[in-house]
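The structure appears below as structure tokens.
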Number of protein chains: 2
Amino acid sequence: MDFFPLLQAPLFRGLTSSEIEKLMTSVPKKIRKFKAGSQVALAGEPVTSLMIVLSGTVSGEMVDYSGRVIKIEDIPSPGSLAPAFIFGSSNRFPVNVIAVAETELMVIDKRDFLSLLAKNEKILVNFLNMISDRSQFLSEKIKFLNFKTIKGKLAQLILQKASKDKDSLILDMTQNSLADFFGVARPSVARALGEMEEEGILDVKAGRIKILDRKRLAEYMSH
Amino acid sequence: MDFFPLLQAPLFRGLTSSEIEKLMTSVPKKIRKFKAGSQVALAGEPVTSLMIVLSGTVSGEMVDYSGRVIKIEDIPSPGSLAPAFIFGSSNRFPVNVIAVAETELMVIDKRDFLSLLAKNEKILVNFLNMISDRSQFLSEKIKFLNFKTIKGKLAQLILQKASKDKDSLILDMTQNSLADFFGVARPSVARALGEMEEEGILDVKAGRIKILDRKRLAEYMSH
DNA sequence: TAGAAATTGTAACATTTGTTACAATTTCAA
DNA sequence: TTGAAATTGTAACAAATGTTACAATTTCTA
């Protein structure tokens with residue numbers, strides 16, 4: 001089989017392709033294929049193995065009781081599905097997982113995976129890094145949800161993206177996906193953006209956002 | 001030294017005291033003592049070691065943008081400090097850590113800890129379980145924050161607690177801590193409880209809650 | 001037990017967000 | 001290029017929550 005996608009996978013960082021090949025041929029594993037739109041896993045279903053996205057993309061989504069879908073995150077190749085749920089006391093998928101494109105997954109049983117971790121320290125460190133990063137991501141997410149107002153969430157998102165570049169940035173999300181991401185209604189996002197533009201804080205043009213008043217934008221995160 | 005507190009520590013679950021003693025005498029470690037009220041770690045400071053609370057209690061606190069201090073959680077003996085931040089790409093304390101009482105910490109350097117993990121599979125699994133549990137806790141928290149209405153959050157909390165017992169339960173939290181937990185204003189909690197009582201769904205008396213209409217209570221989680 | 005402190009109940013009004021609906025604009029594909 | 005589909009802008013009104021203030025009640029403590 002082709003181990004090339006694994007070279008890019010976080011779990012195998014720092015390993016050469018021959019090392020990977022040697023390790024992987026000795027580990028029992030399966031390949032599973034999914035068509036775009038098909039269900040990969042249901043929330044609540046047991047997680048009994050490590051799954052690595054070899055090609056394609058899956059998406060983790062939550063459904064609240066009113067049927068609204070809240071997208072939690074996309075996992076493109078070569079990421080892993082729910083690595084933080086293989087161990088721990090619950091061992092169940094926290095979200096529904098959908099293939100958003102034609103997708104190939106490599107599946108390694110938990111027991112086999114454990115012996116792989118014990119066998120190779122690089123892989124062990126990589127895995128510890130992965131699930132630790134996961135916690136760190138969730139902590140960020142919570143910080144995010146705790147911003148009460150939509151303008152606060154927008155300010156947080158915009159300042160986070162802008163700090164890397166300059167005062168101009170591109171939000172490559174539609175208002176709809178923004179609304180899903182925040183867990184709010186779409187027209188409310190439009191209104192918030194419109195108002196911040198009126199207030200002279202932002203300049204929004206065709207998905208490109210320009211920060212006009214950084215100070216007042218940051219203030220929206222405080223109250 | 002006295003290894004007794006470690007017997008109770010999640011990291012050493014399933015090990016006998018003689019196994020622990022044997023392992024620990026071969027691992028470089030330090031004991032650090034803190035007086036009540038003293039700073040154990042600053043938010044943003046690098047996490048370079050595993051720290052286990054042998055005695056006493058530490059508390060994680062966050063400072064928001066307006067300077068207000070928000071207590072995140074207490075870690076009593078025999079818990080660990082920020083185990084999910086030893087590895088991962090950030091490696092920095094997410095919160096300020098304060099000793100709330102006279103406290104003793106056992107400190108094991110990251111490198112030494114890693115060799116301990118590689119040496120003993122039980123400890124490895126325990127640690128994987130610990131940081132995975134952390135992720136799972138955070139996921140729960142997120143699910144919770146996603147309930148939009150206060151009545152929905154209340155319904156979720158009450159039904160979660162009640163399912164174990166009967167239709168009667170005790171919320172051992174004041175309205176104030178409930179409000180903090182939900183991230184809402186205190187009078188809003190009082191109003192929501194009052195309204196649900198008026199609607200004949202709950203009976204609230206001195207902290208003891210009785211569910212009168214389970215069906216309509218559950219409906220509040222849906223919309 | 002008496003007074004202080006904390007908790008709870010309640011009200012009026014302001015603010016934010018949701019809901020629904022529709023028009024304007026942009027993007028995409030035949 | 002043109003029509004369909006998706007995205008965005010906007011408005012009116014409803015619902016939920018916040019804010020502030022104060023009284024009533026309960027719990028703690030000297």
Side-chain angles (χ1 to χ4, degrees), chain A residues 36-37 64-71 100-101 144-158 170-199 201-210 216 219-223, chain B residues 64 66 68 70-71 144-158 170-199 201-210 216-217 219-223:
Chain A
D64 69 13
Y65 291 83
S66 61
R68 186 199 305 273
V69 171
I70 298 170
K71 182 193 272 185
V100 295
F144 213 93
L145 284 170
N146 268 331
F147 281 104
K148 272 165 276 304
T149 67
I150 296 178
K151 289 183 184 176
K153 293 172 208 251
L154 280 172
Q156 158 84 359
L157 186 69
I158 290 170
I170 293 171
L171 279 191
D172 48 358
M173 301 170 83
T174 65
Q175 287 185 359
N176 227 313
S177 50
L178 263 182
D180 283 349
F181 184 56
F182 290 162
V184 301
R186 201 273 310 166
S188 302
V189 171
R191 175 170 45 201
L193 279 172
E195 284 175 10
M196 289 167 101
E197 204 170 358
E198 255 183 28
E199 293 162 16
I201 295 177
L202 298 179
D203 185 58
V204 185
K205 260 178 201 152
R208 170 169 272 111
I209 291 180
K210 204 173 194 173
R216 276 197 291 157
E219 274 170 8
Y220 266 121
M221 302 197 306
S222 334
H223 55 91
Chain B
D64 71 10
S66 57
R68 187 197 316 266
I70 301 168
K71 182 195 268 185
F144 214 93
L145 284 170
N146 268 332
F147 280 103
K148 272 165 279 304
T149 67
I150 295 177
K151 289 182 184 177
K153 293 173 208 248
L154 279 171
Q156 156 84 0
L157 186 68
I158 290 170
I170 293 171
L171 278 191
D172 48 358
M173 299 171 82
T174 65
Q175 286 185 0
N176 226 313
S177 49
L178 263 182
D180 283 349
F181 184 54
F182 291 162
V184 301
R186 202 272 312 165
S188 302
V189 171
R191 175 169 45 201
L193 279 172
E195 284 176 9
M196 291 167 99
E197 205 170 357
E198 253 182 30
E199 293 162 18
I201 294 177
L202 297 179
D203 184 58
V204 185
K205 258 178 202 152
R208 168 168 274 110
I209 291 180
K210 204 175 196 172
R216 276 197 291 157
L217 182 57
E219 274 170 6
Y220 266 122
M221 302 198 304
S222 333
H223 55 92

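Just so it is clear: chains get the letters A, B, ... in the order the sequence lines come, proteins before strands, and each one is counted from 1.
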TODO: Treat primed atoms plus P, OP1 and OP2 as sugar-phosphate and everything else as base, then score nucleotides 21-30 of chain C 5' to 3': B for base contact with protein heavy atoms under 4.0 Å, S for sugar-phosphate contact only, - for none.
DONE: ----------
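- Taking the side chain to side chain contact (heavy atoms under 4.5 Å, CB included) definition, one finds that A/Ala190 meets it with A/Gln175, A/Arg186, sequence neighbours left out.
- Listed by chain and number, the residues in a salt bridge (Lys or Arg N to Asp or Glu O under 4.0 Å) with A/Arg216 are A/Asp213 (sequence neighbours excluded).
- The overall bend of the helix from C/dT1-D/dA30 to C/dA30-D/dT1, read as the angle between its terminal helix axes built from five base pairs each, is 50° when rounded to 10 degrees.
- Across the protein-nucleic acid pair, B/Lys151 atom NZ and D/dT17 atom C1' stand 12 Å apart, rounded to whole Å.
- To the nearest angstrom, C1' of C/dT16 lies 13 Å from CD1 of B/Ile150.
- As a whole-Å value, the separation of A/Asp180 CG from D/dT8 P is 12 Å.
- For B/Thr149, counting side-chain heavy atoms from C-beta on, the closest listed nucleotide (C/dT8, C/dT19, D/dT17) is D/dT17.
- Comparing B/Arg191 and B/Gln175 along DNA chain C, the residue whose closest nucleotide (by nearest heavy atom) sits nearer the 5' end is B/Gln175.
- As rounded to whole Å, 19 Å separates atom P of C/dA6 from atom CG of B/Leu178.
- The shortest non-hydrogen separation linking A/Tyr220 to A/Thr149 is O-OG1, 4.3 Å.
- Every salt bridge (Lys or Arg N to Asp or Glu O under 4.0 Å) that A/Glu195 has, sequence neighbours left out, goes to A/Lys151.
- Contacts of B/Ala185 classified as side chain to side chain contact (heavy atoms under 4.5 Å, CB included), with partners at least two apart in sequence or in another chain: B/Pro187, B/Ser188.
- Per the geometry, CG belonging to B/Asn176 stands 18 Å off P belonging to D/dT26, to the nearest Å.
- B/Tyr220 places its OH atom 12 Å from the C1' atom of D/dA15, with the value rounded to the nearest Å.
- Whole-Å rounding puts the B/Leu154 CG to D/dT17 C1' distance at 13 Å.
- What you find for A/Arg208 and A/Ile170 is that their closest heavy atoms are NH2-CD1, 3.3 Å.
- Screening residues 170-182 of chain B for salt bridge (charged side-chain N to carboxylate O under 4.0 Å, His left out), with sequence neighbours left out, gives B/Lys161-B/Asp172.
- When the side chain to side chain contact (heavy atoms under 4.5 Å, CB included) test is applied to A/Val100, the partners found at least two apart in sequence or on another chain are A/Thr57, A/Ser59.
- Across the protein-nucleic acid pair, A/Glu195 atom CD and C/dT17 atom C1' stand 11 Å apart, rounded to whole Å.
- Between A/Leu157 and A/Leu178 there is a side-chain heavy-atom pair separated by less than 4.5 Å.
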